[in-house]
Amino acid sequence: MSLVMDIWTICAVSAGALFFLAGTVGLLRFPDTLTRLHALTKVDNLGLGLITLGLLPQTSSLLLAVKLVIVWLLVQLSGAVVTQLVAGAIRQHGADG
Amino acid sequence: MPATTVLDATTADGALLVLAIVLPVVGILLSFVLGGRYAERIAGVLLPAGFIVACIIFLKVWQGGEPLIYIVGGWQPPLGITLRADGLSVAMMVAMAIVICLIGVFAHANFGSRAASVETRAPLVFWVMLMAISGAMNMIFLGGDLFTLYVALELLTFAAVPLVCLDGRVETLQAALRYLLFALLGSILYLVGTALLYGSYGTLDIVLMSQRVRLEPATLAAATLMTLGLFAKTALFPLHLWLPPAHAGAPAAASAVLSAVVVKGSFFLIVRLWFDALPGLLSVAASQLIGVLGASAIICGNIVALRQKRLKLLIAYSTVAQIGYLFLMFPLAFSADPSPHHYGDALTAGMLQTISHATAKAAMFMAAGLIYAALGHDRISELGGIARALPMTMFAFGLGGLCLIGLPPTGGFLAKWLLLEATIATAQWWWAIVIIAGGLLTSAYIYIVLSRTMGPPNAPLTLYAAVPKYQEVAALGLACLSVLLGLVALGPIDVLQVGRPEAPMAGLR
Amino acid sequence: MNAATLFGLCGAALVGIGLYGLITNPEPLRKILAFNLLGSGVFLLFGMIARRAAAAGLGGDPVPQAMVITAIVVAFAATAMAIALVQRLADETGRASISSDSSDAVDGEGKS
Amino acid sequence: MSIASVFDIALVALILAIGASTILVRTAFAAVVMFAVYGLLLSIAWVRLHAVDVALTEAAIGGGMTGLLLLGAVARSRSDDVDRVRVGYPVRLAAGGLCALVVAGLAIVVLHPPAAVPTLAPVVMENLPPSGLGNPVAGVLFVFRALDTLLEKVVVLLALLGVWSLAPDRAWGGTPGLQVYAKPDPPLIFLAQLLPPVGIVFGIYMCWVGAKDPGGAFQGGTVLAAMWLLVIVAGLQKAPAISRLWLRGLLIAGPMLFLAIGLAGWVFADAFLAYPEGYAKPLIVAVEATLTLSIAVALAMLAAGPPERAQQQ
């Protein structure tokens, strides 16, 4: 049983890490701020989500698992809001602002 | 290294030390919540109370001949923190408490807030910061732990910087920013040193450290960085560039407290470091180097002071020079053939110079402030006739000047005399030349100012504001103290040696 | 080389980097940044000392750790005050800068 | 070489690179952004040094609050368009030499630890139980070196008064300039409505847990301060005028209680800042709770800056 969980963790966390890598490449390579934002948010959601899912079976207590999920939700929330704010600023002042 | 670790215990009356620190803290907190209208009244009660506490501590230490010790929270070092009042601490505490109290009297004219019905900015800030400076200085004098001293040093900085730019003019804001940056650099360098010392000895208690200290790279690196940082805070040449604009630009009462009191805090820490925490570690070459910096400060500071056109700037540059004298005690105390006698003499001379400069310089800045208030400017070339208009003020200025020059019977004379004696006793004649040349240069600019003020006015003198009598009395009181300090040779000067370890272990070199 | 030493060296390097920035950068805001960098380097040195003194089942000596917490707070207070000063200066002059000789001033360090 | 040490080396390299870039990049804005990233990396370093309390403090104050302050300053100073005057080459060379010397000296010290590394950890653990605290760092801060902690609170108050003292006279007693920049933005308002309840619970939890686990008054207070600032920036609440009595009262409540309990120790225990036997833990928790509030207010006001507009009656 623990072996299955470990394999699951390894797979999910690796996949999450891969998404982060892709997002970082996107952040560096994409031409303008809006597309960069796109890359970042997509990857944040997926990457962090996968890592959280992967780590859940490894937690020793329910409280710890809840904490992990809360962390994920908070990052989601702040990510979404900040992306909105940045995009809004771009619409007002142009992409160089 | 002797393994005997003498465990200190709280001595009778040790609780007084806590009082000396807690009183100003209570004042700060109360002023915050009661508001600016009460800040002056709170300071008016607590600063004299602090002075009385300092006097009692002084008497206890002097009569008992033993340092007072208080173990905070009952936790022995190395785990806990001790407060320790030895001869150096009590002498400095009393002197600084007098100076601060008289500055408080003087400042009533500018920052008085009894009549005001609404809280105003400058009075609240001034009185809170004055109490903070008094608390921080007491902490520096009493603190027995190098990290506690770091916090106290920062307390002092944060209290001093806002005083510089209390009037909000651009020049003073620039001066304050530069002062803050230098001060921050200084304290962070000090902090590196404490980290390294803790890493080597597992304690920051000064007494424990003095028993454990070894000559090794970590200790040397720590001591060097700490000393450099404290040099920047004390404005020792060539790290003095922040001082003149900051001290000359501040309001008179603030200039007095900055020049007389605040720079002495970091200087005292240098003394603590080399004489108490790391005894006997200062090599002859390093002490000569410190002496060279001090000598350069004396010569350069005085020459630049001589060329100033404005009175407050002249006094500020003279502070740079007088700080130089303080550092001459290092080559004299740590000379090639250490004898306990010279060691003690040099230390006594340095402390006397600290105290007499504090009183004299506070008096001179106050006098300059009164002249500025009366004339609306402080251009030296246009001061003619002011001596007749404000005789008491100019008398105070003159007496302070005599003390700086070092004429008998002033405290400055006694300090410089002891320094000269030590130069002869340790056969280091070159410092004697510097001391005498510094005295001549000082007398030149004091003479220029005095002769100008006693001369006839260029144009009919118009006084913009009446100068309150009590302000003049405060200035004169401090000036008289600086003169009378010469008389301490007759008695209380022994107190400085209370609680001093005997001569440094020569074997450590 | 163990982790404590590695982070200790990192702290030492950061002290150097921060000091360099503090001396060479004339803009006050950048000086404040450099001061923070310098400070964090010093804190890491404390961290190294705490970590290598791990004993009694603890991951590090709690005394230097507590000191770092105190020092971080003090450094923050200093930063806040410095920034307020810079901003007031900028409001008064339209441009934040300590007068041109400031860089030489701090460089006095180099000659001492 | 283990995975952990590879990670550590990579982390150190990244910290140094980002740290250097905050000094070297051309615009102040980029430098500040770099600095915020740097603060996060540094808190990971603190976790690696087994100092979780410090990591939390570094992330909250060193990275977060300081970053916020700097960002605000950059946004106001418009310093991007300032053509930077660089110091001359010789000065930079001399400075580089001096810094290299300092680094070399420190590196030598780091690489040569004393033969017997001194530590106070056993003494701390031995003396911790009577206080009832489980977190040794909290023990050092509130029991063994309580005097430092008390003084440090006074330092923060003085810094705040120092910041306030930079206000123009006419604005004294008025409100800080923070909400000038508040542009009611729907997503921001959404966040400011959703996050604070969570944040406040979290802040209180941080303070509470500090007695036995990493956390404490400063970390909790920072979170509370951040929540308050968020609400102010989103325009949901005005920054308070600095002359308000409740504001002043909250600011000094923590240090005052700390001092009062310290003085009571004189009577009820055997020394100043000692706790009477059996009551240590409740007293420390009370001090921490009040300090959390005071710190939250102080940090938020420090970040909000000096008052800029006179109080409207």
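The basis for the numbers below is simple: all heavy atoms, side chains too, and nothing from hydrogens, waters or symmetry mates. The sequence lines fix the lettering, A, B, ..., with proteins before strands; numbering per chain opens at 1.
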Participant: Identify the residues of residues 196-204 of chain B whose heavy atoms come closer than 4.5 Å to a heavy atom of chain D, ordered by number, or report 'none'.
Facilitator: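 Residues in range: B:Leu196, B:Tyr198, B:Gly199, B:Ser200, B:Tyr201, B:Gly202.
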Participant: Is there a side-chain contact between B:Val18 and D:Trp266 (heavy atoms, below 4.5 Å)?
Facilitator: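 When only atoms from C-beta onward are counted, D:Trp266 and B:Val18 do touch, with a gap below 4.5 Å.
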Participant: Working to the nearest 0.5 Å, report the span between CG of D:Asp148 and CE of B:Met139.
Facilitator: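 The CE atom of B:Met139 is 7.5 Å from CG of D:Asp148, to the nearest 0.5 Å.
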Participant: For B:Ile28, which atoms come within 4.5 Å of any heavy atom of chain D: side chain, backbone, both, or neither?
Facilitator: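 For B:Ile28, side-chain heavy atoms alone lie under 4.5 Å from chain D.
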Participant: Just checking heavy atoms, which of residues 253-260 of chain D are less than 4.5 Å from chain B?
Facilitator: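 D:Pro255, D:Met256, D:Leu259, listed by number.
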Participant: Might you point out which heavy atoms bring D:Val154 and B:Val25 nearest each other, and give the distance in Å?
Facilitator: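 Looking at all heavy atoms of both residues, the closest pair is CG2-CG1, 3.9 Å.
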Participant: Does anything in residues 115-125 of chain D get under 4.5 Å of chain B by heavy atoms, and if so which residues?
Facilitator: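 Those residues of residues 115-125 of chain D which have a heavy atom under 4.5 Å from chain B are D:Pro118, D:Leu120, D:Val123, D:Val124.
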Participant: Heavy-atom cut-off 4.5 Å, strictly under: side chain, backbone, both or neither for B:Ala218 against chain D?
Facilitator: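 Both parts, backbone and side chain.
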Participant: Go through B:Val125, B:Val151, B:Thr148 and name the one with the most non-hydrogen pairs under 4.5 angstrom from chain D.
Facilitator: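 Most pairs with chain D among the choices: B:Thr148.
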Participant: Which answer fits B:Ala15, side chain, backbone, both or neither, if we ask what part of it has an atom under 4.5 Å from a heavy atom of chain D?
Facilitator: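 Both backbone and side chain of B:Ala15 come within 4.5 Å of chain D.
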Participant: Among the options B:Leu29, B:Leu30, B:Leu173, pick out the one with the most heavy-atom pairs lying under 4.5 Å from chain D.
Facilitator: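 Maximum pair count with chain D is reached by B:Leu29.
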Participant: Tell me, out of B:Leu34, B:Asp145, B:Val128, B:Val192, who's got the most heavy-atom pairs with chain D below 4.5 Å.
Facilitator: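 Most pairs with chain D among the choices: B:Asp145.
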Participant: Rounded at 0.5 Å granularity, tell me how far CD in D:Glu152 sits from CG in B:Leu155.
Facilitator: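 Atom-to-atom, D:Glu152:CD and B:Leu155:CG are 11.0 Å apart.
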Participant: Quick check on D:Leu251 against chain B: is it the side chain, the backbone, both or neither that has a heavy atom closer than 4.5 Å?
Facilitator: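 Just its side chain gets close to chain B.
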Participant: Determine the option with the most heavy-atom pairs under 4.5 angstrom with chain B, choosing from D:Leu151, D:Leu161, D:Leu273.
Facilitator: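 Option with the greatest count: D:Leu161.
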Participant: Between D:Leu247 and chain B, with a heavy-atom cut-off of 4.5 Å, which part of the residue counts as in contact: side chain, backbone, both or neither?
Facilitator: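 Neither the backbone nor the side chain of D:Leu247 comes within 4.5 Å of chain B.
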Participant: When heavy-atom pairs shorter than 4.5 Å are enumerated against chain B, which of D:Pro114, D:Ser165, D:Gly105 gives the highest number?
Facilitator: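 Answer, by heavy-atom pair count under 4.5 Å with chain B: D:Ser165.
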Participant: Which residues, numbered in order, of residues 127-144 of chain D come under 4.5 angstrom of chain B by heavy-atom distance?
Facilitator: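 Interface residues of residues 127-144 of chain D: D:Asn127, D:Val143, D:Phe144.
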Participant: Might you work through the side chain to side chain contact (heavy atoms under 4.5 Å, CB included) test for B:Val22 and D:Phe272, ending with a clear yes or no?
Facilitator: CA-CA 10 Å; B:Val22 164; D:Phe272 174 61; 3.7 Å; yes
Participant: Please report the interatomic distance CG(D:Leu160) to CZ(B:Phe32), rounded to the nearest 0.5 Å.
Facilitator: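 Between D:Leu160 CG and B:Phe32 CZ, I get 5.5 Å after rounding to 0.5 Å.
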Participant: Quick check for you: among D:Leu157, D:Leu263, D:Leu150, D:Val102, which has the greatest number of heavy-atom pairs under 4.5 Å with chain B?
Facilitator: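 Of the candidates given, the most pairs with chain B belong to D:Leu157.
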Participant: What closest approach, in Å, do B:Ala159 and D:Leu158 show between heavy atoms, and which atom pair accounts for it?
Facilitator: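 Shortest heavy-atom separation between B:Ala159 and D:Leu158 comes out as CB-CD1, 4.2 Å.
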Participant: Can you tell me which portion of B:Leu163 sits under 4.5 Å from chain D's heavy atoms? Options are side chain, backbone, both or neither.
Facilitator: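 Interface part for B:Leu163: neither.
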Participant: How far apart are the closest heavy atoms of B:Pro162 and D:Gly162, and which atoms are they?
Facilitator: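 Shortest heavy-atom separation between B:Pro162 and D:Gly162 comes out as CG-CA, 3.7 Å.
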Participant: Quick one: what part of B:Leu220 sits under 4.5 Å from any heavy atom of chain D, side chain, backbone, both or neither?
Facilitator: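 Interface part for B:Leu220: neither.
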Participant: Out of curiosity, D:Trp164 CH2 to B:Leu124 CG, how far, rounded to the nearest 0.5 Å?
Facilitator: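 Interatomic distance, D:Trp164 CH2 to B:Leu124 CG, rounded to 0.5 Å: 9.0 Å.
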